[in-house]
Each structure stands twice: as structure tokens, then as C-alpha cells.
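Read the structure below first, then the notes.
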Amino acid sequence: MEPRVLMALALVVVAAGVPAVLCQTNAQDAAALEGLKSQWTNYPLSWNSGDPCGGGWDGIMCTNGRVTTLRLSSVSLQGTLSSSIGQLGQLTYLDLSFNINLGGPLPAEIGNLGELTTLILAGCSFTGNIPIAIGNLRKLGFLALNSNKFSGGIPSSIGVLTNLLWLDLADNQLTGSVPISTSTSPGLDQLVKTQHFHFNKNQLTGTLTGLFNSNMTLIHILFDSNKFSGSIPAEVGTVSTLEVLRLDRNGFTGAIPATIGSLVKLNELNLANNKLTGSVPDLSNMTNLNVVDLSNNTFDPSVAPSWFTSLTSLASVSIVSGSLSGQVPKGLFTLPTLQQVVLSNNQFNGTLEITGNISSSLQTVNLMDNRIVSTDTASYKKTLLLAGNPFCAEQDPNNRAFCSRQLQNASPYSTSMEKCGSAQCSDGQNVNPASCGCAFSYNGKMVFRAPFFVDLVSSTPFQLLESTMAAKLNLLPGSVALSDIHFNSDNYLQVQVKLFPTSGVTFNLSELTRIGSSLSNQIYKPPANFGPYFFIADPYAPLAVALGGKKSKMSTGAIAGIAVAGGVLVIALIFMSLFALRQKRRAKELKERADPFASWAAGQKDSGGAPQLKGARFFSFDELKICTNNFSDNHEIGSGGYGKVYRGILGDGTRVAIKRADRNSMQGAVEFKNEIELLSRVHHRNLVSLIGFCYEQGEQMLVYEYISNGTLRENLTGSGTYLDWKKRLRIALGSARGLAYLHELADPPIIHRDIKSTNILLDNNLKAKVADFGLSKLVADTEKGHVSTQVKGTLGYLDPEYYMTQQLSEKSDVYSFGVVMLELVSGRQPIEKGRYVVREVRLAIDPADHDHHYGLRGIVDPAIRDAARTPVFRRFVQLAMRCVDESAAARPAMGAVVKEIEAMLQNEPDDAGAGEGDSSADPSANEFDRHRGGGPPAHPYSDVEISRGSYAGDGASDYMPYFEVKPK
Ligand SMILES: *[C@@H]1O[C@H](CO)[C@@H](O)[C@H](O)[C@H]1NC(C)=O
Ligand SMILES: *[C@@H]1O[C@H](CO)[C@@H](O)[C@H](O)[C@H]1NC(C)=O
Ligand SMILES: *[C@@H]1O[C@H](CO)[C@@H](O)[C@H](O)[C@H]1NC(C)=O
Ligand SMILES: *[C@@H]1O[C@H](CO)[C@@H](O)[C@H](O)[C@H]1NC(C)=O
């Protein structure tokens with residue numbers, strides 16, 4: 001046998017299946033986006049090139065060329081919202097939250113977005129009225145306009161949005177009353193599905209009469225810090241789902257309706273700072289009540305209510321100025337979870353007894369300005385405030401501590417920085433508690449509007465907050481820092497949050513929007529005892545630095561100066577280099593295109609000169625960086641032992657998959673050069689082809705054509721296209737052809753080594769393409785025609801003979817291919833529930849099966865059960881079983897497999913749109929035979945050179961020959 005070299009391709013699992021999206025953005029949508037851009041500065045850089053729906057624009061997602069998602073949270077957008085937003089007729093999700101420099105009026109055209117289900121503009125600077133047209137958004141489920149500068153009234157048209165679950169208008173400058181429906185106009189009383197009414201911190205007036213009814217399913221009513229008046233409507237007591245009721249800081253008058261006592265699910269009741277009269281309400285049935293505040297009203301004088309000692313869930317009781325008298329019931333202090341008692345400015349008298357089995361959580365007892373004359377509190381060691389009581393007037397010096405008006409609370413929790421010592425950062429960076437390194441954290445305030453606890457010292461809840469945030473936001477454990485924890489002037493629990501990037505010193509744009517929207521649309525849910533929250537992000541420092549960069553006329557020098565001075569090199573590179581370095585890069589690229597390996601040869605001693613390429617082109621690192629938005633997470637489509645795979649769009653619109661080696665799996669320059677030389681010569685319609693590569697700045701990347709329809713595995717699992725029997729035959733044929741080409745036509749031959757259903761990709765026409773995303777390993781063996789190497793492959797597909805002998809040959813691929821054939825038959829993974837499909841089929845086969853399923857009725861995929869009664873099915877199973885023969889020698893070569901499947905397809909009834917199997921219509925269908933010429937299988941093609949013929953890209957090229965044979 002002539003000396004030969006076998007190539008072994010080590011492939012990794014690549015989940016290249018991303019939903020099919022068309023490259024072409026609908027013209028109207030494209031124009032609408034241009035309209036938005038025209039009024040924004042500092043929009044994402046990726047919006048300057050490529051096709052919006054092609055995956056290149058940050059924050060855009062599309063279906064069939066229509067923009068369905070626009071998500072640009074926390075990206076420092078600046079400007080106003082163009083009325084062209086109304087042209088995005090298929091938009092379902094719009095989140096522009098936390099862009100404090102995005103403002104102006106909300107255009108009425110927003111009402112044209114009839115498909116919108118989510119609208120989040122929280123934390124921007126929108127002004128003017130909320131447009132009435134918002135009532136056209138009939139599908140809206142989530143509306144968050146909080147923390148803007150909206151003024152005017154709440155439009156009554158919101159009352160028709162009956163799908164609304166979340167309505168947040170808090171923290172604006174809204175005036176007027178809450179609209180109630182009449183015979184002629186809608187009102188918010190009709191929102192029976194809505195769970196959240198967050199209207200706090202506005203200037204709303206009027207009464208709430210008619211707003212609540214028993215059909216409602218509200219969980220949170222947050223109406224605090226407004227100017228409401230009149231009495232609290234009794235109907236609020238019929239909203240039995242209610243967990244938080246905050247009506248504090250308003251002008252409510254009259255008695256608290258007794259019905260309120262029937263809200264047995266309530267966790268927090270806050271009616272403080274109104275002008276309520278009558279008696280302190282009876283809350284004894286509210287067995288879930290944690291926090292109650294009835295302070296600063298004008299209740300009738302009474303003794304302490306009985307629920308003071310019976311509501312065992314209480315954590316905090318506040319009734320300042322409540323006209324309460326008599327002795328403070330000592331049973332109050334023994335409630336098991338009690339943390340705080342604030343009963344200042346009442347008329348409690350007698351002896352204060354904090355004795356016996358007092359709550360271990362108790363931190364604060366404030367009884368200032370009462371009439372207490374003596375105490376029995378020796379066993380209570382935490383904060384006790386008794387100033388303004390007769391006891392303090394007569395006190396002996398030993399009691400002085402109790403009689404101070406100063407709260408001597410221990411300092412509240414904050415994330416420990418102890419292990420980082422005195423680490424300090426400059427230039428706006430912060431110390432990451434996880435690594436003690438410096439980075440640009442994503443900062444903001446998290447505000448809990450009704451926490452179920454008041455103790456800010458205890459670390460447990462806050463550490464849980466840290467760990468759940470890190471986990472849910474996909475950050476590294478410990479990379480969340482909390483500080484400045486306090487109850488603010490609105491009696492909200494406010495926490496300063498810093499989130500640190502998992503690698504590098506900055507978050508990229510897609511990470512920012514991902515985190516921003518996880519916090520704006522409540523994807524992140526804090527532990528239940530934190531209650532409802534909102535989050536307002538601070539502008540992200542590195543983006544703020546880049547602000548105005550788009551139209552910057554700064555010189556390279558100036559920008560470099562800022563970058564260095566600011567220490568923001570990374571972000572500067574991403575956001576500024578495009579402009580500043582464009583010219584330089586162009587020149588460099590031109591040079592490199594002319595002689596792609598000049599730098600290689602110069603810079604790499606072991607490179608052995610420029611590779612001989614056929615069709616593959618050289619890409620600069622910057623080029624690939626831009627087309628993947630700096631390798632952002634949302635461009636990532638797969639990963640494996642080798643590194644990560646990203647999708648991207650080249651300047652000319654070509655969609656590509658980019659495989660980027662990580663440090664550990666880089667090869668030497670010679671190996672990499674051999675690799676791309678080899679892959680650049682491999683062109684076949686059933687192989688994913690290499691478009692180019694990058695070898696620059698210490699990176700090794702391979703650029704492949706992008707295959708849109710995902711992996712065979714995904715499609716078999718039912719998450720993709722339904723694959724009937726004939727489609728399966730065609731897929732089998734296509735992948736067999738690709739593999740046969742590698743074995744028998746490629747020079748040198750290539751053993752794939754990891755054939756499996758996740759390495760077979762399907763294009764738009766369900767044409768199978770064997771993926772070779774991996775870097776190959778060149779192994780020469782001049783003696784035996786097989787390669788001795790470390791066993792590689794995937795469990796379930798692994799050739800048992802190869803496994804035992806470690807002798808690799810093409811027949812190992814044949815085995816794996818046989819397993820894939822059985823997957824096509826059964827629809828199952830090769831190993832499922834401990835059963836191995838090869839063994840199951842082998843045992844089940846029954847040629848005498850009178851039911852004509854060949855004994856496989858229990859194994860065959862129900863989706864193709866009818867086809868399973870045909871002779872072709874039987875032949876297919878028999879062929880698969882020969883492929884998985886224990887003995888490699890007994891297995892057919894791939895060329896023979898191709899021929900057999902071709903013959904099977906010819907026996908299948910014809911159908912319209914025949915592609916892969918319809919050999920008569922496809923001039924290249926028999927390419928294998930044409931090239932093969934019936935010669936001996938060994939290696940008959942060393943005398944031909946296979947080069948790339950016309951290649952028209954995916955889809956359109958079905959009837960194009962993919963390569964031609966030129967005699968040498
Ligand atoms: C609740 O819904 C029912 C059925 O739609 C309706 O008849 C009833 O009037 C509603 N009750 C209130 C208080 O709105
Ligand atoms: C508490 O529940 C009981 C039993 O359902 C009821 O009789 C009583 O009136 C309720 N008390 C209040 C204050 O709602
Ligand atoms: C009660 O009113 C006083 C005086 O206006 C204020 O200082 C205090 O914070 C209020 N207490 C509560 C619990 O709201
Ligand atoms: C304490 O207050 C109660 C209720 O107002 C009153 O009946 C009682 O006489 C007072 N006791 C003292 C010692 O002042």
C-alpha cells in the first residue's frame with residue numbers, strides 16, 4: 001500500500017441550531033429602525049452595519065424578517081423616541097429601560113404596536129402625557145413606565161388592557177384621579193387580571209371609590225406617596241388575593257373599613273401618615289401579616305389591640321401616635337419572629353416588661369414619649385429607646401443609655417470586602433468581592449417597596465439576595481456587592497447593588513441589556529420576603545465615557561489619550577476603535593489580503609511559510625470581532641472542549657459560524673496551517689465548508705458557512721421540522737455522501753472521528769451537512785493504514801473495536817454512522833434510559849413479524865410507523881446493522897452505503913420538491929459515482945485535484961456542481 005496520511009477530525013458538539021431567521025429585514029421595519037437611530041446618539045455600534053434581523057444588531061430579534069423584540073436596557077441611549085417606532089408592526093417586546101438620557105414625549109404612534117405584549121421604559125426621562133393610544137395595545141401584559149417624568153392623568157384607556165398583569169406607573173409626576181369606568185368610558189376597575197398596581201410616588205388625587213371589586217386578582221396595591229383623599233373603600237377587603245397594601249403617605253380620612261380584616265393573605269399593611277380616624281383595626285385574622293404600620297393617624301384612644309399578642313407572623317409593628325394606652329402587652333415581645341416595635345408617642349403607662357421567652361430576632365424597641373414609669377428589661381440587650389417617659393426623668397445614671405434619643409442601631413449589612421484587604425480601584429472601577437480585582441461594575445439601586453422584615457443587620461436575607469442574583473443573572477458566585485442598605489424617606493428598603501463581569505473588566509453590550517432587562521421585567525425574583533421591587537440602573541461608566549463617540553471627530557491620539565487616562569482600554573477598543581482605527585485597519589487589511597501570511601511568516605518562527613489555500617480567505621481579528629459584536633454571548637451558538645462557536649454576519653451579508661479556539665486547545669502554527677490547508681480543500685455539498693480563518697493577535701479561528709436549521713438531533717427531538725420517512729432517507733444519504741467524500745475523495749483522506757446526530761446539520765432545504773467545526777489532528781502512519789491514537793468520540797457512537805484496540809480507521813466512522821441510521825429509525829438518542837439502541841434493535845429484529853414491522857414496532861419512531869412496514873425500511877435497518885457490526889472488517893465502506901441508500905430512495909414513491917434523493921433532477925447527486933468511477937476503494941484519486949467550483953452559497957446552490965475534477 002502506498003504511504004498515506006490519515007487525517008482525523010476531532011469534532012466537538014456544536015449546537016448550531018438557532019431558529020431560522022431570514023437575513024432580509026422587512027423594508028418597513030428597517031426604515032423604522034433607521035428612524036429610531038436618527039434620534040439617538042450612543043446607540044450600539046453594531047447598529048452601524050449589517051442587516052438588523054441578520055443577528056448583527058444588538059437588542060434586535062426577528063421572525064421572518066420582522067422585528068419582534070427591541071431590547072436596549074442600560075446601554076446609555078441618548079435622545080428621544082422617534083414616532084417611527086409605530087412602524088414596527090410585529091413588535092412584541094420593547095424594553096428601553098435604564099437609559100436616563102432617553103426622554104421627550106412618548107409618541108402616540110406607540111399605539112400602533114398592536115402585537116406588543118411587553119413595554120418597559122422604566123428609569124428613563126420620558127415627559128408629557130401617557131398617550132391615550134396606549135389603550136390600543138390590547139395584548140399588553142407588562143407595562144412599566146415607572147421612574148420617568150410623565151405628567152398629566154392616567155389615561156382611562158388603560159382600562160381596556162384586560163390582559164395586563166403588571167402595571168407600573170410609579171415615580172412619575174402623574175396628577176388627577178385613577179380612572180373608574182362609567183357607562184361611556186373605561187376604567188382601571190376593569191383590570192381583573194392585573195396583579196400589580198404600582199402607582200406610588202406620584203401626585204394622584206381623588207378618592208378610590210369604585211376602583212376595587214371582588215373580581216380583581218391584585219397582589220400588590222402600592223398607592224403610597226400620593227395625594228389621595230376620602231375614605232378607604234370597603235371593597236378593597238374583597239380583593240382576597242392581596243399580599244401588599246400600601247396606602248401610606250396620602251390624605252385618606254374616615255375609619256378603616258372592617259373588611260380589611262378579611263385580607264388573610266396580606267403580608268404588609270401600611271396605612272401610615274394619613275388622617276384616618278376611628279379605632280385601630282382588628283387584624284386578628286391576618287395570620288400572614290409580617291409588617292404593619294398604622295403610624296401618624298388620628299385614631300380614637302384605646303388600649304393595645306389583641307392582635308399584638310396573637311399574630312405570630314409579625315416582624316414589625318409600628319403605630320406611632322396611635323393614642324394607645326395601658327400597659328404594653330408583654331406577650332408582644334415573645335412573638336417568635338418579631339424584629340421591631342415602634343410605638344413612640346402614645347400613652348402607654350405602667351411597667352415595661354420585656355421578659356421571658358423574648359424573640360431572638362428582636363432588634364429595636366422604640367417607646368419614646370409614652371408614660372412608662374418603670375422597666376423590667378434586663379434580659380433584652382438590643383436597642384431600647386425610652387426617652388420622653390417619666391422613667392427617664394427620674395432615672396439613675398445607670399439607665400442613661402435607654403434614655404437617649406439617638407438610635408444606636410448596629411450598622412446594617414453590607415457585602416464583606418474583608419478578604420480583599422485595602423484593595424482600591426481608580427477611574428470608576430470597583431473592587432469585585434469575588435476576585436478582589438478591579439472592574440467596571442454595573443451599578444444601580446434596588447428598591448424594595450414592601451419587604452416583610454425590617455432587620456437590616458442580619459446577614460442571612462442579604463446573602464441570599466446576593467447569591468440568587470449572581471445565579472439568576474449568570475454571574476460568578478460572590479460577584480454581587482451590596483452596600484448602603486437603609487430604609488429611605490418613602491419607607492422603602494433601598495440597596496445599592498454592584499454586579500461584576502464574569503471576565504475582563506467590563507460588561508459588553510449584550511450582557512448589559514440582558515442583565516438590565518432581567519431586572520426591569522422582573523425575571524430576577526428576589527427571595528419572597530423582600531417583596532416587590534424595582535431597580536434603577538446607574539449609567540454604565542464605560543458607555544458614558546464613550547458617549548458621543550458616534551459622531552466624534554476626535555483624533556486617534558485624543559481617543560487613545562482618553563482611553564489610557566480613563567483606564568477603559570477594553571471598552572475604548574470596542575466602541576471607539578471602529579472609528580479611530582478604521583483607516584489604519586483598512587490599510588492593514590489591504591496589505592494582508594494581498595499577502596495574508598506575510599505577518600505570519602514574519603511573526604511565527606515555526607510557521608513554515610504561508611499556507612496553500614483554496615478558496616478560504618483570511619479574516620482579521622477586528623473583522624471577526626465586529627461581526628460577532630466582540631464575541632458577545634448572544635452571538636454564541638455552541639461550545640465544546642475546543643472553544644466556542646459564534647454566529648456573525650460578514651460585511652457582505654454572508655452569515656457565518658466562527659469557531660474560536662480557547663487558549664488550551666490552540667495548536668502550533670504548523671498544525672494550524674496544515675489544518676486550514678486541509679479544510680480549505682474540502683468542499684462538498686454535504687459538508688459544512690470553511691470560508692476562512694483568522695490567525696492573528698494570538699487567536700485561532702475558523703470561519704464556516706452558517707447552517708440555519710439546527711442539528712439532526714434537534715429536528716428528531718421534535719423541536720424542529722417534522723421529518724417523515726423520506727426526509728430521513730435523504731438526510732441519511734446526504735450525510736453518507738459527505739462522509740464518503742471525506743473517506744474516499746479527500747486528499748489526504750479524513751476520518752471524522754465524531755459522527756453523531758448533533759454533528760449533522762440541516763439547511764433550509766433539510767439538506768444534511770456534516771459539520772467539521774473542529775480542528776483536526778494530523779497523524780501520519782505510513783505502515784498500516786490506520787491511526788493509533790487516544791480514543792476520542794462520543795459515548796453511544798463509539799466503535800467498540802476502536803475502543804478496544806485504539807486502532808482508528810474509516811470503519812469507525814461507519815459504525816457511528818450506523819448508529820445515526822438507527823437514530824433516524826427510532827427517533828431516540830443512542831443511549832436512552834440505560835438502553836443502547838444497537839443492542840435493542842439487534843435483539844428485537846424478527847424477520848417473521850406478521851405485523852410487518854420487522855419486529856421493531858416497539859422501537860420505531862411513532863412518527864414514521866407506517867413507513868416501517870415497507871421493504872425499504874427493512875433494507876435500511878439491515879444496512880444499519882451491517883454498519884454497526886462488531887467487526888470493522890465486516891462493515892461496508894461509506895461509498896457502498898451511499899449506493900445502497902440511493903437505491904432505496906429510487907424505490908420510494910416520488911414526491912414534489914425532491915432534493916437530496918432525486919438523483920435524476922440533480923446533476924451532482926451522483927457525483928460520488930462520477931468521481932469514483934467504480935475504481936478500487938483504497939485511494940484512487942491521488943491523481944486528481946479537487947478544487948472548488950462555483951459555489952453560490954446555501955440554498956440557491958442545490959443544482960450547482962460543487963467541485964470539479966481536474967487531471968493534474
Ligand atoms: C364580577 O364578574 C361577574 C361576571 O363577569 C359580573 O357579573 C359581576 O358584576 C362582577 N362583579 C363586580 C363587583 O364587578
Ligand atoms: C375572623 O374570622 C372569623 C371566622 O371566619 C370571623 O367570624 C370573624 O368575623 C373574623 N374577624 C374579623 C375581624 O374579620
Ligand atoms: C410620623 O410623623 C412624624 C412627624 O411628621 C415623622 O417624623 C415620622 O417619621 C412619622 N412616622 C412614621 C412611622 O411614618
Ligand atoms: C394606664 O392607662 C390605663 C388606660 O388608659 C388606665 O386605666 C390606668 O389607670 C393607667 N394606669 C396608670 C398607673 O396610670
Side-chain angles (χ1 to χ4, degrees), residues 712-713 715-718 721-736 739 755-758 760 768 794-803 811-894 896-909 911 916-917:
L712 171 59
R713 181 70 256 157
N715 285 276
L716 278 177
T717 315
T721 324
Y722 163 64
L723 299 178
D724 63 23
W725 173 239
K726 190 152 186 188
K727 290 195 179 103
R728 293 184 198 207
L729 274 181
R730 289 209 191 97
I731 289 165
L733 178 58
S735 29
L739 204 46
I755 288 290
K756 55 183 171 183
S757 56
T758 48
I760 294 171
T794 303
L795 208 65
Y797 298 91
L798 207 55
D799 167 13
E801 191 172 300
Y802 162 49
Y803 183 76
K811 293 295 180 68
S812 300
D813 281 349
V814 175
Y815 184 94
S816 309
F817 185 77
V819 176
V820 171
M821 289 175 78
L822 295 179
E823 264 185 280
L824 287 166
V825 165
S826 68
R828 301 184 205 170
Q829 312 239 38
I831 299 177
E832 230 178 71
K833 301 190 182 113
R835 292 168 169 221
Y836 185 33
V837 69
V838 172
R839 185 182 138 83
E840 296 290 313
V841 172
R842 193 172 281 144
L843 292 177
I845 284 177
D846 173 11
D849 178 10
H850 60 273
D851 197 31
H852 307 294
H853 280 102
Y854 201 36
L856 300 181
R857 197 183 153 76
I859 291 173
V860 73
D861 187 345
I864 54 162
R865 201 166 268 160
D866 286 342
R869 304 164 81 126
T870 62
V872 167
F873 175 81
R874 184 176 298 214
R875 275 178 72 184
F876 189 84
V877 173
Q878 285 164 346
L879 178 60
M881 293 317 286
R882 278 196 284 134
C883 289
V884 296
D885 198 292
E886 298 279 338
S887 152
R891 296 173 205 152
M894 279 318 295
V897 173
V898 168
K899 283 194 146 182
E900 287 208 39
I901 302 178
E902 276 173 357
M904 291 178 208
L905 261 163
Q906 264 153 20
N907 288 333
E908 281 287 299
D911 56 6
E916 195 74 59

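Only heavy atoms go into these numbers, but all of them, side chains included; no hydrogens, no water, no symmetry mates. These numbers were taken from a predicted model, which means no experiment stands behind them.
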For this session: Applying side chain to side chain contact (heavy atoms under 4.5 Å, CB included), run through Arg882 and Glu900 and close with a yes or a no.
Result: CA-CA 12 Å; Arg882 278 196 284 134; Glu900 287 208 39; 2.4 Å; yes

Exercise. Could you go step by step and tell me if Lys756 and Glu823 meet the salt bridge (Lys or Arg N to Asp or Glu O under 4.0 Å) rule?
Worked result: CA-CA 9 Å; Lys756 55 183 171 183; Glu823 264 185 280; over 6 Å; no

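- When atom types are taken as modelled, the side chain of Tyr815 and the backbone of Tyr797 share no donor-acceptor pair closer than 3.5 angstrom.
- Of the inter-residue distances, the one linking Met821 atom CE with Leu729 atom CG reads 8.5 Å to the nearest 0.5 angstrom.
- Only one option out of Asp799, Asp813, Asp885 pairs with Arg891 in a salt bridge (Lys or Arg N to Asp or Glu O under 4.0 Å); it is Asp799.
- Of the inter-residue distances, the one linking Phe876 atom CZ with Met904 atom CE reads 6.5 Å to the nearest 0.5 angstrom.
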For this session: Run the numbers on Ile864 and Leu824 for side chain to side chain contact (heavy atoms under 4.5 Å, CB included), then give the verdict.
Result: CA-CA 10 Å; Ile864 54 162; Leu824 287 166; over 6 Å; no

For this session: Report the C-alpha distance between Leu733 and Val898 in whole Å, list the side-chain angles of each, state the deciding distance to 0.1 Å, and finish with yes or no for side chain to side chain contact (heavy atoms under 4.5 Å, CB included).
Result: CA-CA 6 Å; Leu733 178 58; Val898 168; 4.0 Å; yes

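- The CG atom of Asp724 lies 11.5 Å from the CG atom of Asp866; values are rounded to the nearest 0.5 Å.
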For this session: Report the C-alpha distance between Ile901 and Arg730 in whole Å, list the side-chain angles of each, state the deciding distance to 0.1 Å, and finish with yes or no for side chain to side chain contact (heavy atoms under 4.5 Å, CB included).
Result: CA-CA 8 Å; Ile901 302 178; Arg730 289 209 191 97; over 6 Å; no

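- Side-chain atoms of Arg728 come within 3.5 Å of backbone atoms of Leu723 as a donor-acceptor pair (strictly under, hydrogens ignored).
- A distance-only check finds no donor-acceptor pair linking the side chain of Arg713 to the backbone of Ser757 [under 3.5 Å].
- Between atom NZ of residue Lys811 and atom SG of residue Cys883 there is a gap of 9.5 Å, rounded to the nearest 0.5 Å.
- Taking 4.5 Å as the limit, some side-chain heavy atom of Tyr836 sits within range of a side-chain heavy atom of Val819.
- Taken from CD1 in Ile760 to CG in Leu716, the straight-line distance is 9.5 Å, to the nearest 0.5 Å.
- Taking all atoms of both residues into account, the shortest heavy-atom contact from Ile859 to Arg828 is CA-NH2, 3.5 Å.
- Across all non-hydrogen atoms, the minimal contact from Ser735 to Phe817 is OG-CE1, 3.8 Å.
- Judged as a side chain to side chain donor-acceptor pair (under 3.5 Å), the pairs with a partner in residues 867-879 (not counting sequence neighbours) are, in order, Tyr854-Gln878.
- In this structure, CE on Met881 lies 6.0 Å from CG on Leu822, to the nearest 0.5 angstrom.
- At a threshold of 4.5 Å between non-hydrogen side-chain atoms, the residues Ile831 and Val837 do not count as touching.
- The minimum heavy-atom distance linking Ala868 with Val860 is given by the pair CB-CG2, 3.8 Å.
- For CZ of Arg835, the number of neighbouring non-hydrogen atoms (other residues, nucleotides, ligands) closer than 6.0 Å is 12 at most.
- Evaluation of the salt bridge (Lys or Arg N to Asp or Glu O under 4.0 Å) rule for Arg839 yields no partner, not counting sequence neighbours.
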